[in-house]
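Accompanying notes for the structure given below.
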Protein chains: 2
Amino acid sequence: MATDQTRTAILIAAERLYAERGFSDVTLRDIVAAANVNLAAVNYHFGSKDELIAELFVTRSIALNRERLRELRAAEDEGGGRAEISAILRALVGPILRGCLGPQNQRSAVAQFMIRASIESVPPIRRIKTKEIDHLRKFAGAMQRALPDSSEVDLFWGLHFALAMAHHTIRESERLTKLSDGRCDLDDVEDVIERVVRGAVLGLTARMSAAKSAPKVAAREAR
Amino acid sequence: MATDQTRTAILIAAERLYAERGFSDVTLRDIVAAANVNLAAVNYHFGSKDELIAELFVTRSIALNRERLRELRAAEDEGGGRAEISAILRALVGPILRGCLGPQNQRSAVAQFMIRASIESVPPIRRIKTKEIDHLRKFAGAMQRALPDSSEVDLFWGLHFALAMAHHTIRESERLTKLSDGRCDLDDVEDVIERVVRGAVLGLTARMSAAKSAPKVAAREAR
DNA sequence: AATAGTTTCATACAATTGTTTGAAACGCAA
DNA sequence: TTGCGTTTCAAACAATTGTATGAAACTATT
């Protein structure tokens, strides 16, 4: 078996191509061409195309979640077991944003692949995706410890909105650049992260500290 | 030509199927089966599959934008030419959220189709999508009038985040329900709209009115 | 060196897809 | 009714895709 050259060559090429062009645009023939291996190698080493994608997703999902948890633990340690809400959210959205934005050359295939997976939702991935929820629960737990007075529902919405802003920014970065005539700088990743975190934190903390600052918000009229 | 029965039957069936199952899962044979017409009818009436999708997208895009603008104008009229920022954002995200969430039976195929289009980004749609930016500029303009002291960049980010929260909520409604064990009620559309609008407005107005309320937000540590 | 197990390769297969074709059916004016 | 343009239809076509096959090449143990 040696070093599984062929196997890993396929994995690397598949991840890169899927990350760049999406699942629906990339065929097995594209992958084996990029990996410089024979077409039949995919079925020989992985059984089927779906199993290749599944293995890729599982591996990368673990890697991304590990990085997120690493940052979360670091933040918790720094705060003596209780992390700031902003640090928690930064740990949640930072890794994916850093991996998908910024200078082209230092973007990570892992993060870009995961975004594709979260966008396209191809069958083999959909089947696995349930596990992601367990991962998010850890962040929900940390948020609850950071903001013990907030309602659970509000916390879930805050978590959800943080991911919303992060993912949408990655997916529509081109549109935002065009809309703003380049004035929104998507290459300043740390600035983007702070904007996302700030937006989410405001939504989570406004009830307690800034409830009266935006009076008209709750007013309903139309319909 | 009579009433173009076949043509419209194809359009209706295609919109419903695409909205329900996405572009990649629906074949022309699925569409003509649902529409009860012959396979060749698609190419006869539309030229190609891509042109069918393009016509659908253009039509529906116009319909959704019209509804958004109608609500925006209504809000502006009520405020004597200057709409509240919350009303502007409500006009932006309300129509799509109302069309995609809530009771299954009263969801609109238009809105669901547009979400699919914004998610999957199939070639014929990508080519047209530039026009959407012009539409968003109108909302950016209204926001600028509502918050003349805000920087343009912040306004664009606010607009972007509002759409982020709306679209992500539609796409990941199932996950949010599961994550929160059903405690986040996605069927209460008006509540969802208020949460999205509130989140976006807070981000836009916090600098002026609640800057000191969330002190730690801007602090950077880790790395 | 010989052999057994693993891996690679060219090629073929079967299924699916969008598209085309040419004849049949239809609608309607002359 | 006749004739003509439009629309429908069944069938076939060409291209693409994931998968399977069987022989060849390779590896390593005996």
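What you see is a predicted model; the values in this text were computed from it and never measured. Order of the sequence lines fixes the chain letters, A, B, ..., with proteins taken first and strands second; residue numbering starts at 1 for each chain.
Comparing A/Gly47 and A/Asp25 along DNA chain D, the residue whose closest nucleotide (by nearest heavy atom) sits nearer the 5' end is A/Asp25. Where A/Ala41 and B/Val26 each meet DNA chain C at their nearest nucleotide, the meeting point lying more 5' is that of A/Ala41. The residue among A/Tyr44 and B/Asn43 whose nearest nucleotide of DNA chain C lies closer to the 5′ end is A/Tyr44.
The aromatic rings of B/Tyr18 and B/Phe113 are tilted relative to each other, their planes meeting at an angle between 30° and 60°. Below 30°, between 30° and 60°, or above 60°: for A/Phe161 and A/Trp157 the angle between ring planes is between 30° and 60°, a tilted geometry.
OP1 or OP2 of C/dT8 lies within a sub-4.0 Å distance of a side-chain N or O belonging to A/Thr6. Put simply, B/His45 has no side-chain N or O that comes within less than 4.0 Å of OP1 or OP2 on D/dT6.
A/Glu84 and A/Ala146 get closest at one heavy-atom pair: C-CB, 4.4 Å.
Rounded to a whole Å, the CZ atom of A/Phe46 is 15 Å from the P atom of D/dG18. Going from atom CG of B/Asn38 over to atom C1' of D/dA12 covers 13 Å, rounded to whole Å. Look at CG on B/Asn36: it is 13 Å from C1' on D/dT8, rounded to the nearest Å. Rounded to an integer number of Å, the gap from CG of A/Asp4 to P of C/dT7 is 7 Å. Between the P atom of C/dG18 and the CZ atom of B/Phe23 lies a distance of 13 Å, rounded to the nearest Å. With rounding to whole Å, A/Ile53 atom CD1 is found 14 Å from D/dT17 atom P. Residue A/Arg7 contributes atom CZ, which lies 11 Å from atom P of C/dT7 at whole-angstrom precision. As a whole-Å value, the separation of B/Leu39 CG from D/dA10 P is 10 Å.
The residue B/Ala40 sits close to a base: some heavy atom pair falls under 4.0 Å.
Using modelled atom types and a 3.5 Å distance limit, the side chains of B/Glu51 and B/Ser48 yield a donor-acceptor pair. Inspection of the B/Thr169 and A/His160 side chains reveals an N or O donor paired with an N or O acceptor under 3.5 Å.
Ranking C/dT11, C/dG18, D/dT17 by closeness to the B/Leu28 side chain, first place goes to C/dG18.
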